[in-house]
Amino acid sequence: MEWIRNNLITPLVEQLFPAAVHTHAVFTIETVFKIAVIIVPVLFTVAYLTYAERKVIGFIQGRIGPNRVGFFGFSFWGLGQPIADAFKLMFKEIIVPSGANKALFIAAPILSLAPSLAAWAVIPFGDTLVLADINAGLLYVLALTSLAVYGVIIAGWASNSKYAFLGAMRSVAQIVSYEIAMGFALVGVLVASGSLNLGDIVAAQNGSMVHWFWLPLLPLAVIYFISGVVETNRAPFDVAEGESEIVAGFHVDYGGMAFSVFFMAEYANMIIIAILISVMFFGGWLSPFQGILPDSVFDVPMIGTLLGEGIHWLLVKTSFFLFMFLWIRATFPRYRYDQIMRLGWKIFIPITIVWLIVVAVMVVTNMPWWFD
Amino acid sequence: MIEQTVFYIFSALLLLSAGLMITVRNPVFAALFLILSFFSTSAIWLLLEAEFLAITLVVVYVGAVMILFMFVVMMLDINLSALREGFARYLPIGGMVAISMALSMVLVINAGEFGLASDTVQRHGADYSNTKELGVALYTHYLYPFEIAGAILLVAIIAAITLTMRGPRSSKAQKPGEQVLVKSTDRLRIIKMKSEGADSEPEKDPLAESKLAQSEDITVKKESL
């Protein structure tokens, strides 16, 4: 980063801008560059997550999955499929229904994608690798995940269609219900780590695999993950787009790129949930071998870097939870609506409240291993 | 310089969206403009480095309260012309109330009342946590008012739930606790019956007759729980 700032950005700024605004300009361009470094891989991952989903579910169901579209005449196990899908969707016409509210109809997909991309600002990828190291990072994440619902509700209303509206209503009710359990799970993390800063939360889990918060906060970690599946409207909680009843739910009237932005938002939200679970309950960038192998192993060139802490462990953990999303989708039948509501209000919220008290007692009594 | 520009942009946005919220015709747009004004307020608080209040405003009002508002507004069929009737007639009284409210707010909520004359305001360092300061203030100095406010809110929640309960429940609902304990014998009863065909229709061909005699009719009765 230093090198890029000194050798690329600063000379460019000195050429283009008056001297008075140099520092501002350097800062702005540097930040935009950092944002691009985060967002481009995220969008790439979104594209290939759809490929992974089709391959994984195909494997589980004894099918092959996409295996035709490749590059330069070779099929490469169908790796070109997401690119082909993206091009197809980009060149399709966006049809706005005649009774729809045009401005809101177009704004809805943007409103659903923007919060899930904005949440990446506070995700710590390493000790110093974070775009915005803010004190209230956890709150910021909670605020942004609660905003994603506006895309759905506005899409449902602006489409002026009964199916879309029913889908939006279902989705909103279930997201609002599970947000409470999700918020309580985050409060548990806050109590355990004593900080709202995501970097400090990871630092508080330092030690070994059993020091990570998944063990003292096990019920909260499980509840957070299941609530995450609900919040992203994924199977088995995808009644918002239950195709057997309401065709495709809130995005039934969308086509082309407008639809694919909803699609991207869903997958970007999945990645955000998976990475947040890794950061808050599974030690983020910390290595699982820490505390098991002697410290001298981590000083060995190559192998030490690979086994020691680093962004690669965060990516491995995130990939595992993303695989869980796909696994769950291929395994469980869809929940009925009243069962979803019952699970959220009557089971998850009481469990989180009880476990908050347990965590508070553990912290106050300085329970060894985690809070001493 | 930049901070001031950002402040004026968000203040203008706040005033504009607040004004549009009460003048726009469509109630859904009114709710959306209210959300925009919450966002602008939150941005101004962020400029004040009050990050906890700013984000809590978004979480509570935008993320929860306004969603329920939208829910209701979208499902209602509001007759706008009836609402707009008598606007001119009530304007003088309404205007007087608005002006007096604005005046009293200016008198009570101003910088002097909070000891914030411009020379005493100081900027804190990056490690200063607004959230922590608020927590310390709420749980030490203002502990009793805070707890009492919480208790009042709890009473309001319970009261709201009680208002919706009207007599014993007449609708049918599932009891999952009972459902999981159910055995197959509770739902199905297998009854063995004598075959009716063999006695009543003796003049059929012998092959079919012998088959009928061998098989036992099994009737499955379903009992609804």
Side-chain angles (χ1 to χ4, degrees), chain A residues 20-21 23-25 27-28 101 103-104 107-108 111 115 122 132-150 152-154 156-158 160 165-166 168-169 171-173 175-177 179-180 182-183 186 190 194-197 200 336 338-339 341-343 346-347, chain B residues 1-3 5-6 24 26-29 31-33 35-36 38-39 42 45-46 49-76 124-135 161 171-177 179-180:
Chain A
V21 294
T23 46
H24 289 309
F27 177 75
T28 311
N101 187 315
L104 288 183
L111 280 176
V122 294
D133 191 13
I134 61 172
N135 279 331
L138 201 61
L139 268 177
Y140 174 83
V141 165
L142 187 64
L144 283 176
T145 48
S146 68
L147 289 185
V149 65
Y150 277 101
V152 175
I153 191 170
I154 289 173
W157 183 78
N160 196 17
F165 193 65
L166 280 173
M169 286 290 136
S171 167
V172 169
I175 291 178
V176 169
S177 313
E179 214 151 72
I180 303 169
M182 220 172 182
L186 293 186
L190 163 66
S195 171
L196 281 169
N197 184 314
D200 290 348
R336 215 173 48 213
D338 59 316
Q339 292 172 329
M341 283 298 152
R342 184 175 167 275
L343 184 70
K346 291 191 176 172
I347 299 178
Chain B
M1 215 316 257
I2 286 179
E3 254 175 58
T5 322
V6 174
V24 83
N26 190 330
V28 171
F29 277 98
L32 286 173
F33 277 119
I35 292 166
L36 184 60
F38 281 136
F39 264 112
S42 161
W45 275 353
L46 267 187
E49 299 179 6
E51 75 271 358
F52 181 79
L53 289 177
I55 297 175
T56 311
L57 183 76
V58 173
V59 171
V60 174
Y61 284 95
V62 182
V65 175
M66 285 315 293
I67 289 178
L68 299 180
F69 261 67
M70 295 275 287
F71 218 102
V72 174
V73 160
M74 282 177 176
M75 294 209 273
L76 286 182
H124 293 281
D127 55 338
Y128 175 83
S129 174
N130 171 260
T131 318
K132 199 172 180 177
E133 290 295 316
L134 263 175
I161 294 170
S171 63
K172 283 183 181 170
Q174 293 185 321
K175 292 173 185 137
Q179 282 180 326
V180 292

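Proteins come first, then strands; the chains are lettered A, B, ... in the order of their sequence lines, and each starts at number 1.
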- Task: Determine, stepwise, if the pair A:W157 / B:V73 fulfils side chain to side chain contact (heavy atoms under 4.5 Å, CB included).
- Result: CA-CA 11 Å; A:W157 183 78; B:V73 160; over 6 Å; no
Counting heavy-atom pairs under 4.5 angstrom with chain A, the leader among B:I67, B:L68, B:V59 is B:I67
Looking only at B:T131, B:V60, B:V28, B:T56, the option with the highest number of non-hydrogen pairs under 4.5 Å against chain A is B:V28
Are more than 12 heavy atoms from other residues, nucleotides or ligands located less than 6.0 Å from atom CZ of B:F69? no
Looking only at heavy atoms, the pair that brings A:S146 and B:G63 closest together is OG-CA, 3.7 Å
One should read off an interatomic distance between A:L196 CG and B:E51 CD, to the nearest 0.5 angstrom, of 8.5 Å
Interatomic distance, CD1@A:I153 vs CZ@B:F71, rounded to 0.5 Å, equals 6.5 Å
Interatomic distance, CD1@A:I154 vs CE@B:M70, rounded to 0.5 Å, equals 4.5 Å
So CE of A:M169 and CE of B:M74: to nearest 0.5 Å the spacing works out to 6.0 Å
Would you say that more than 12 heavy atoms from the other residues, nucleotides or ligands in this model lie under 6.0 Å from the CZ of A:F165, or not?
yes
Here the gap from A:Y150 atom OH to B:I35 atom CD1, rounded to the nearest 0.5 Å, amounts to 3.5 Å
Applying a strict 4.5 Å limit to non-hydrogen atoms, the region of A:D338 in contact with chain B is side chain
Cut-off 4.5 Å, heavy atoms of chain B, and the answer for A:L104 is side chain
If one checks every heavy atom of A:N197 against chain B at 4.5 Å, the contacting part turns out to be neither
- Task: Test B:V58 against A:Y140 for side chain to side chain contact (heavy atoms under 4.5 Å, CB included), laying out the working first.
- Result: CA-CA 9 Å; B:V58 173; A:Y140 174 83; over 6 Å; no
